[in-house]
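Model, not experiment: these values are computed from the prediction.
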Amino acid sequence: MQLSPINQRRLENFKANRRGYWSMILFLGLFVISLFAEVVANDKPLLISHKGELYTPFLVTYPETAFGGDFETEADYRDPFVAELIEESGGWTIWPIIRYSYTTINYDLKSPAPSSPDLENWLGTDDQGRDVLARVIYGYRISVAFGLILTILSSIIGVSAGAVQGYFGGATDLIFQRLLEIWGGMPSLYILIILAAMIEPTFTILLGLLLLFSWPSLVGVVRAEFLRSRNFDYVRAARALGVRDRVIIFKHLLPNSMVSALTFLPFVLTGSIVSLTSLDFLGLGLPPGSPSLGELLAQGKANLQAPWLGITAFMVLSVMLTLAFFMQEGIRDAFDPRKTFK
């Protein structure tokens with residue numbers, strides 16, 4: 001698809017910011033890898049050959065009887081008995097790179113949990129004997145997915161509210177501003193902690209709670225752009241021709257007002273990730289047992305004799321947020337009309 005000259009210039013400006021460009025490639029690359037976490041880190045084999053038939057345990061649940069066992073329950077592929085049954089049939093097994101899922105407990109540790117990094121558990125284990133690297137991979141996926149979904153929903157609500165407020169102005173703008181000032185003056189962190197403590201936390205519920213306080217950050221940016229451009233000649237001409245307000249807002253004004261909003265989105269993304277991590281650190285976030293960077297930080301605080309826990313969580317969060325910040329720099333340069341590609 002052929003890009004317009006202005007979009008081509010923006011793309012060239014973005015690529016010219018090498019730090020922002022490669023940060024985006026690395027950030028999205030790590031996220032894509034985490035999307036296939038079940039293929040990278042799992043306590044179930046990727047492929048099994050048994051008596052001439054192929055099985056995919058990481059996708060399908062098979063009973064132990066499928067491999068010659070005695071029980072109808074799901075086969076435990078880490079059980080030496082099941083492994084022996086597969087080998088006796090002349091079959092073979094292909095395992096993921098990391099033979100642990102985020103819930104798998106290693107009962108054969110050489111030292112009490114949390115155990116230090118070794119050849120089997122590359123980043124060690126947490127205080128329950130679970131592989132830290134596996135939990136980091138799954139936790140990265142949850143954190144970024146949560147941040148992206150919250151950013152998208154916040155953008156839809158915030159941009160729409162700012163567009164309506166800035167376009168109509170007058171009493172509409174005045175009422176919205178007073179409501180936003182009241183809403184913004186509320187102690188959002190304390191309210192989130194109270195609500196999270198009262199309601200059983202789930203991914204969806206946490207998303208809704210954080211959405212309550214994340215969307216107003218975009219309203220002011222979009223509102224200012226609409227207040228500036230609503231009296232342009234082409235807008236007045238559209239009104240004179242009887243074009244509906246909805247069409248003017250979303251087809252004519254909004255595309256020209258999205259530049260400032262787009263440069264602000266990485267900050268919303270990082271804020272969403274930090275908010276989820278903070279709630280998990282306080283024990284008010286995702287349900288217990290969920291792979292969470294905040295929960296790993298809390299374990300590091302509670303187990304000072306195991307520094308790999310806190311250091312791992314801190315490094316992953318630092319890299320994640322730094323890449324997002326550099327992406328913001330690249331996006332800002334891409335939409336800056338004063339910059340030209342060289």
Side-chain angles (χ1 to χ4, degrees), residues 1 3-35 136-137 139-159 162-163 166 184 210-211 213-226 228-229 253-278 293-294 297 311-342:
M1 183 178 65
L3 296 176
S4 63
I6 187 171
N7 288 329
Q8 182 66 32
R9 179 186 62 79
R10 289 170 177 171
L11 180 60
E12 291 173 347
N13 283 345
F14 183 73
K15 289 183 177 180
N17 188 318
R18 307 301 294 175
R19 186 167 61 183
Y21 176 74
W22 287 108
S23 292
M24 185 190 71
I25 296 296
L26 183 56
F27 184 88
L28 295 180
L30 292 174
F31 181 56
V32 170
I33 292 175
S34 70
L35 289 178
V136 164
I137 294 174
Y140 185 91
R141 177 172 68 181
I142 287 181
S143 297
V144 177
F146 186 91
L148 289 175
I149 294 173
L150 185 57
T151 300
I152 293 172
L153 295 178
S154 300
S155 302
I156 294 174
I157 299 175
V159 169
L210 291 176
L211 181 61
F213 299 99
S214 61
W215 65 268
S217 60
L218 287 169
V219 174
V221 178
V222 179
R223 169 182 173 269
E225 290 294 324
F226 269 75
R228 181 180 64 86
S229 57
L253 287 178
L254 189 58
N256 296 326
S257 304
M258 282 300 295
V259 173
S260 56
L262 286 173
T263 58
F264 198 77
L265 290 185
F267 291 109
V268 180
L269 174 62
T270 56
S272 303
I273 294 174
V274 170
S275 297
L276 176 63
T277 303
S278 301
L293 298 177
L297 279 174
I311 291 175
T312 298
F314 175 78
M315 292 301 297
V316 172
L317 280 170
S318 298
V319 170
M320 185 192 311
L321 299 179
T322 301
L323 292 177
F325 177 76
F326 288 156
M327 285 167 51
Q328 185 273 335
E329 282 188 347
I331 295 173
R332 181 196 61 196
D333 288 348
F335 287 91
D336 190 343
R338 297 169 297 179
K339 289 185 175 292
T340 55
F341 175 70
K342 297 181 179 180

- CZ (Phe264) and OG (Ser155) are apart, to the nearest 0.5 Å, by 10.0 Å

- Message: Any salt bridge linking Glu225 with Arg228? Criterion: basic side-chain nitrogen under 4.0 Å from a carboxylate oxygen.
- Response: yes

- Message: Please report the interatomic distance CG(Leu153) to OG(Ser214), rounded to the nearest 0.5 Å.
- Response: 8.0 Å

- Item | Side chain proximity check, Trp22 to Leu26, heavy atoms < 4.5 angstrom | no

- Given the rule in the side-chain contact (heavy atoms from CB on, under 4.5 Å) test, do Val144 and Ser34 qualify, once you have shown the distances and angles that lead to the verdict? CA-CA 9 Å; Val144 177; Ser34 70; 6.0 Å; no

- Between Gly20 and Phe14, what is the shortest heavy-atom contact and its length? O-CZ, 3.9 Å

- Note on the structure: Smallest heavy-atom separation, Phe31 atom then Arg141 atom, equals CE1-O, 3.9 Å

- Which heavy atom of Phe326 sits nearest a heavy atom of Ser23, and at what distance? CB-OG, 3.2 Å

- Note on the structure: d(Ile137 CD1, Leu35 CG) to nearest 0.5 Å is 12.0 Å

- From Thr270, Leu30, Leu293, residue fulfilling side-chain contact (heavy atoms from CB on, under 4.5 Å) relative to Met320: Leu293

- Residue pair Trp215 / Val268, side-chain heavy-atom distance below 4.5 Å: no

- Query: Do the side chain of Arg223 and the main chain of Gly166 share a donor and acceptor less than 3.5 angstrom apart?
  - Reply: no

- Inter-residue atom distance Ile142.CD1 - Leu276.CG, 0.5 Å rounding: 8.0 Å

- Task: Please name the pair of heavy atoms, one in Leu218 and one in Ser154, separated by the smallest distance, quoted to 0.1 Å.
- Result: CD1-O, 3.9 Å

- Report the residue from Leu265, Ile273, Ile156 that forms a side-chain contact (heavy atoms from CB on, under 4.5 Å) with Thr151. Leu265

- Could you grab the distance from atom CD1 of Ile311 to atom CZ of Phe314, nearest 0.5 Å is fine? 9.5 Å

- Roughly how far, to the nearest 0.5 Å, is CG of Leu269 from CZ of Phe27? 5.0 Å

- Query: Which heavy atom of Ile331 sits nearest a heavy atom of Pro266, and at what distance?
  - Reply: CD1-CG, 3.9 Å

- Determine yes or no for a side-chain-to-main-chain donor-acceptor pair under 3.5 angstrom, with Ser143 supplying the side chain and Tyr140 the backbone. no

